[in-house]
Amino acid sequence: TAINGGAVTTLTTQTYNDAVTIGTTDATLTGTTVTFNGTLDGPQALTVNAALVFNDVVGGADPLASLTANGTTAINGGAVTTLTTQTYNDAVTIGTTDATLNGTTVTFNAALDGPQALTVDATLVLNDVVGGIDPLASLTANGTTAINGGAVTTDSDQIYNDPVTLGADATLTGSTV
């Protein structure tokens with residue numbers, strides 16, 4: 001499926017079972033739930049105003065310019081790659097497989113939960129609790145990190161390979177931090 005027209009709006013769900021490309025212009029998808037069961041590639045930006053489910057790789061062949069998710073998000077496909085920013089404005093779950101997020105800045109403005117491992121190869125901004133409901137298996141941050149949400153909980157390691165800024169009192173809980 002090639003989405004080249006800018007916006008797709010439905011009253012309920014959108015389900016894409018095959019590969020999707022956000023082609024000639026930025027796209028906004030609006031509905032109750034948007035599910036990608038196949039790969040999703042760019043080169044343009046994507047905004048989703050709905051619950052969002054990624055069941056396959058995003059940006060593996062051609063990264064999205066950016067991603068903005070305005071609804072709960074389930075990352076089940078392993079990797080999300082953008083040329084610039086990824087902004088998750090509602091709760092995110094790293095679901096069925098470990099995930100790697102690549103871009104310039106990845107921002108979580110709401111809760112982030114597991115149960116799988118997360119690696120972020122970008123500046124990481126955590127504006128809410130991580131692992132408060134379901135701890136991540138582990139967290140690896142390969143970029144500067146801002147912890148503004150109070151707590152980060154993992155079942156295993158937390159590895160911060162670049163400077164960390166605490167914007168609020170924080171409790172980091174894991175086997176090794």
Side-chain angles (χ1 to χ4, degrees), residues 1-3 13-23 27 29 33-48 50-126 128 130-145 152-162 174-176:
T1 303
I3 300 176
T13 62
Q14 297 176 38
T15 302
Y16 301 93
N17 288 318
D18 295 314
V20 173
T21 301
I22 308 299
L29 308 180
T33 303
V34 175
T35 302
F36 294 95
N37 290 322
T39 59
L40 171 63
D41 285 297
Q44 302 301 323
L46 176 63
T47 299
V48 178
L52 175 59
V53 180
F54 292 131
N55 288 325
D56 207 330
V57 173
V58 176
D62 192 1
L64 296 173
S66 65
L67 172 66
T68 302
N70 297 313
T72 59
T73 302
I75 300 174
N76 301 320
V80 178
T81 301
T82 57
L83 294 175
T84 61
T85 60
Q86 296 177 38
T87 305
Y88 301 93
N89 288 317
D90 287 288
V92 175
T93 302
I94 309 300
T96 59
T97 188
D98 295 349
T100 300
L101 308 181
N102 302 290
T104 56
T105 302
V106 176
T107 302
F108 294 96
N109 288 321
L112 170 62
D113 285 294
Q116 303 299 326
L118 175 62
T119 299
V120 178
D121 294 325
T123 295
L124 175 60
V125 180
L126 301 169
D128 206 328
V130 176
I133 295 171
D134 190 1
L136 295 172
S138 64
L139 173 64
T140 302
N142 296 313
T144 59
T145 301
V152 178
T153 303
T154 58
D155 288 330
S156 183
D157 298 336
Q158 293 177 36
I159 300 169
Y160 302 95
N161 288 315
D162 289 285
S175 63
T176 305

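These numbers come from a predicted model, not from an experiment. Because only heavy atoms are used, hydrogens play no part in the values below, and waters and symmetry mates are left out as well, while side chains stay in.
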Item to check | Val130 vs Leu118, side chain to side chain contact (heavy atoms under 4.5 Å, CB included): CA-CA, chis, key distance, verdict | outcome: CA-CA 11 Å; Val130 176; Leu118 175 62; over 6 Å; no

Item to check | Test item: Gln158 side-chain N/O and Val152 main-chain N/O as donor-acceptor pair under 3.5 Å | outcome: yes

Checklist outcome for this item: One should read off an interatomic distance between Leu126 CG and Leu139 CG, to the nearest 0.5 angstrom, of 7.0 Å

Checklist entry - Could you walk me through whether Val106 and Val80 pass the side chain to side chain contact (heavy atoms under 4.5 Å, CB included) check? => result CA-CA 10 Å; Val106 176; Val80 178; over 6 Å; no

Item to check | Counterpart residues, side chain to side chain contact (heavy atoms under 4.5 Å, CB included), relative to Asn37 (two or more places apart) | outcome: Thr15, Asn17, Thr35, Asn55

Item to check | Pairs touching residues 93-107 that satisfy side-chain hydrogen bond (donor to acceptor under 3.5 Å, both in side chains), sequence neighbours left out | outcome: Thr81-Asn102

Checklist entry - If only atom types and distance count, is the side chain of Thr73 paired as donor or acceptor with the main-chain N or O of Gly71 below 3.5 Å? => result yes

Item to check | Asn109 (side chain) donor-acceptor with Asp128 (main chain) under 3.5 angstrom | outcome: no

Checklist entry - For the side chain of Asn142 and the backbone of Asp121, is there at least one donor-acceptor N/O pair under 3.5 Å apart? => result no

Checklist entry - Which heavy atom of Gly95 sits nearest a heavy atom of Pro115, and at what distance? => result O-CD, 3.7 Å

Next on the checklist: The criterion is side chain to side chain contact (heavy atoms under 4.5 Å, CB included); which residues satisfy it with Ser175, sequence neighbours excluded?
Outcome noted: Ser156, Asp157

Checklist outcome for this item: Which of Thr82, Val58, Ile22, Val20 passes side chain to side chain contact (heavy atoms under 4.5 Å, CB included) with Leu46? Answer is Ile22

Next on the checklist: How long is the straight-line distance from CZ of Phe36 back to CG of Leu29, given to the nearest 0.5 Å?
Outcome noted: 5.0 Å

Item to check | Minimal non-hydrogen separation, Ala110 against Ala91, with atom names | outcome: CB-N, 3.5 Å

Next on the checklist: Using 0.5 Å steps for rounding, measure from the CD atom of Gln86 to the CG atom of Leu64.
Outcome noted: 8.5 Å

Item to check | Minimum heavy-atom distance between Asp113 and Asp134, given as atom pair plus value | outcome: OD1-N, 2.9 Å

Checklist entry - Does Thr84 use its side chain to pair, donor to acceptor, with the backbone of Ala65 at less than 3.5 Å? => result yes

Next on the checklist: Using the rule given for side chain to side chain contact (heavy atoms under 4.5 Å, CB included), can you reason through Leu40 versus Asp56, listing the C-alpha separation, both sets of side-chain angles and the distance that settles it, and then say yes or no?
Outcome noted: CA-CA 8 Å; Leu40 171 63; Asp56 207 330; over 6 Å; no

